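We name chains A, B, ... by the order of the sequence lines, and we start the count at 1 in each one. Treat the numbers as computed from the prediction; the structure is a model and nothing was measured.
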Amino acid sequence: MEAGAAVSVIKDGDTVLVGGFGMAGMPVELIDALIGHGAGDLTIVSNNAGNGDTGLAALLAAGRVRKVVCSFPRQADSWVFDRLYRAGRIELEVVPQGNLAERLRAAGAGIGAFFTPTGAGTPLADGKESRVIDGREYILEYPIRGDVALIRAHVADRLGNLVYRKTARNFGPVMATAAAVTIAQVARIVEAGELDPEVIVTPAIYVDRLVPVEVPA
Amino acid sequence: MEAGAAVSVIKDGDTVLVGGFGMAGMPVELIDALIGHGAGDLTIVSNNAGNGDTGLAALLAAGRVRKVVCSFPRQADSWVFDRLYRAGRIELEVVPQGNLAERLRAAGAGIGAFFTPTGAGTPLADGKESRVIDGREYILEYPIRGDVALIRAHVADRLGNLVYRKTARNFGPVMATAAAVTIAQVARIVEAGELDPEVIVTPAIYVDRLVPVEVPA
Amino acid sequence: MSLSRREMAEIVARDIPDGSYVNLGIGQPTMVADHLRPDSGVTLHTENGMLGMGRPATGGEIDPDLTNAGKQPVTELPGASYFHHADSFAMMRGGHLDICIMGAFQVSATGDLANWSTGAPDAIPAVGGAMDLAIGAKQVFVMMSLFAKDGQPKLVPECTYPLTGRGCVSRVYTDVATFAVGSDGVRIVETFGITVDELISRIGVPLVSSPFP
Amino acid sequence: MSLSRREMAEIVARDIPDGSYVNLGIGQPTMVADHLRPDSGVTLHTENGMLGMGRPATGGEIDPDLTNAGKQPVTELPGASYFHHADSFAMMRGGHLDICIMGAFQVSATGDLANWSTGAPDAIPAVGGAMDLAIGAKQVFVMMSLFAKDGQPKLVPECTYPLTGRGCVSRVYTDVATFAVGSDGVRIVETFGITVDELISRIGVPLVSSPFP
């Protein structure tokens, strides 16, 4: 499927999960297609809030994002987010990285909420329910569900089974489980049966649309 | 390491997680070694409660088990457990299979407790905390930690990285994370670097002792 | 004439949309697999850690490391994948499967399911994955005979056996009728060798005979 | 004489037991890797999904799909493994790592850690994995200069900056002294170019000079 057609499922107001840790695993072509598609008022859930002027930063610069949920917005080259945030033109929810990953997993796994030790006793626990279990303090965190997930994997088979490459795996597998519609850009699509069933990381049940994107050699 | 030496870490009163679903993934040789070792008053956490007269059933028959935590004790050939249970000589905690897996995962993942929809409104929720979240009823479940996990994998490298075979994977990977000491019996041990880093299912950090057990051809 | 078990499996298979992800419970539901068209694109999940399960294994195909949830040897289809138990039940609990098909002792008018225990005082409790399956799919189909051996209906106003899950059943396939369970009550979808009036007279559950929308 | 950053990294590396699983935080802690003996059997974890991380990648080794938590290209050692973010942070949160090493703005006498925010009103909050690392290892080692540029000690009775984690720090490596933080207070392990008396006079934290048991 072509990237533009794939992302046309995204509607104004949607929550979009965007894979990647820095550029590793970032679905750049899908984000570009989303910019072209034009949906706005989006909530973006991703580890960072854009770098430089491309990808997520370009989506933010285009004024399409109402809110960012991430662990680490502030980086050397996050000037687009910084400007919008300081101008009061974008909302921010900062979530510790492991709680972000676990909240996404909870959404995919049907867990209603969970007690995590991360963040207990810190300002990020303000207003959250807390509880001491076996002498340790935990805070209660809720799932983060996406309407759509945009992820990048390495190879897919035609059914949608995915394998990843090295640390580009990062948020892809959990985001794929946490969204109503998961769109994966991949370097290559092979026939069903060509991927060893033992090594598939994301089973096809979690993947709705595949977009082949050639990788420059 | 030889099986007997490996399981010598198990003490009277320990909680032992035992992998396998039926015979697939059952660490038979480690259980046999545990019987030989002699530790008693054990709590066994496993999907079933023994089949026929070997493996877990033999451990039960030897009077070493105080309590079984499992999802499905009653089977056509679970006569050893049945007899002990009806004689009031063994305790039983029945846990829905998915809650069992998730409670083991929670132990390994440092989650203090989690709200699950499984079992809500049923007798297995009696006495458990419940809560309605977004209109759905959930019950609160706590981690199940093991002192020792006995699992069966397919191939290990010398560091303890593990891969499994087909549906024999089942509880192995979560149990490996949930115990203070994890002992894996494997068909083969290879050098570090011989397993593709992309396909390792259980990273070596979770594995403390390896026991090679030749598989009959 | 009422349906044979084989015919029931055929009817259920017919109602599974092409491309669905389906879990077939132990026992009668496994027969549904025999009636799925090879080109249906239906993918079978088995909760012991596999998507893309094939037919039962025979002879030299039998591999003790490849079984279904009933611990019977099975085969693997192209495009299959394996995963561990926590991932497998996350897949179910997270609502990713389209349909789970299960047997039942009783189903209530509001879709409550009882299929893990008869509540007999001397029974050894054993639930397996039943409660996870009950809440673990977009739709839960039940396959059962409508009447127990003593003639009592198994579709009841309220379950008397211990529950497996509450309000989870959407369709009930029986030997004499198929029912759809919705928020507005129980509708008869189809009857087999029994009249609607007789059904209504033999079951204490208010039934709607209009076709399910 | 007080320690250089390089010497601090050497001291920390010396205190990591052979065979440990270790996460090196962004910045100064990454320097510790340079001082680990190749035969130490120490395995490095990076929270973006890898165990068995090797040295920084250079030239043709650089692969944009293989980076550390600081998003710098790194290499892979034999026996490495990759996993996704939820699994990676489960590994941390579950207490499987032996040691996490982090920088800090402040550490309190009870082991509270402040290293993610100075609480400046115009700052953009950004925590990354700091809070997960703080609670995510059997031991947390902090590396920092003992005094801020304005001369204020960073080992304090109570943190004034927003906390990253409570009671989580076990060792504090600074340019002038190493401290062990225990339930009975803060002990001086070693000093570098400063006397114990001077340390005590410049820090508002009660210090125990006896060797850590």
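- If you run side chain to side chain contact (heavy atoms under 4.5 Å, CB included) between V199(A) and each of V199(B), V163(B), V201(B), I200(B), only V199(B) comes through.
- For the options R136(A), R165(A), E141(A), heavy-atom pairs under 4.5 Å to chain B are most numerous at R165(A).
- The minimum heavy-atom distance linking E102(B) with R105(A) is given by the pair OE2-NH1, 2.8 Å.
- D134(A) contributes atom CG, which lies 9.0 Å from atom OH of Y142(B) (distance to the nearest 0.5 angstrom).
- Screening I111(A), T116(A), L140(A) against F114(B) for a side chain to side chain contact (heavy atoms under 4.5 Å, CB included) leaves a single residue, I111(A).
- E198(B) and R169(A) make their closest contact through O-NH2, 2.9 Å (heavy atoms, listed as atom of the first residue, atom of the second, distance).
- If you measure heavy-atom distances from R131(A) to chain B, the contacts under 4.5 Å come from the side chain alone.
- Of all non-hydrogen atoms in G110(A) and P117(B), the two that sit nearest each other are O-CD, 3.3 Å.
- Shown here for A113(A) and I133(B), the closest heavy-atom pair between the two residues is CB-CD1, 4.1 Å.
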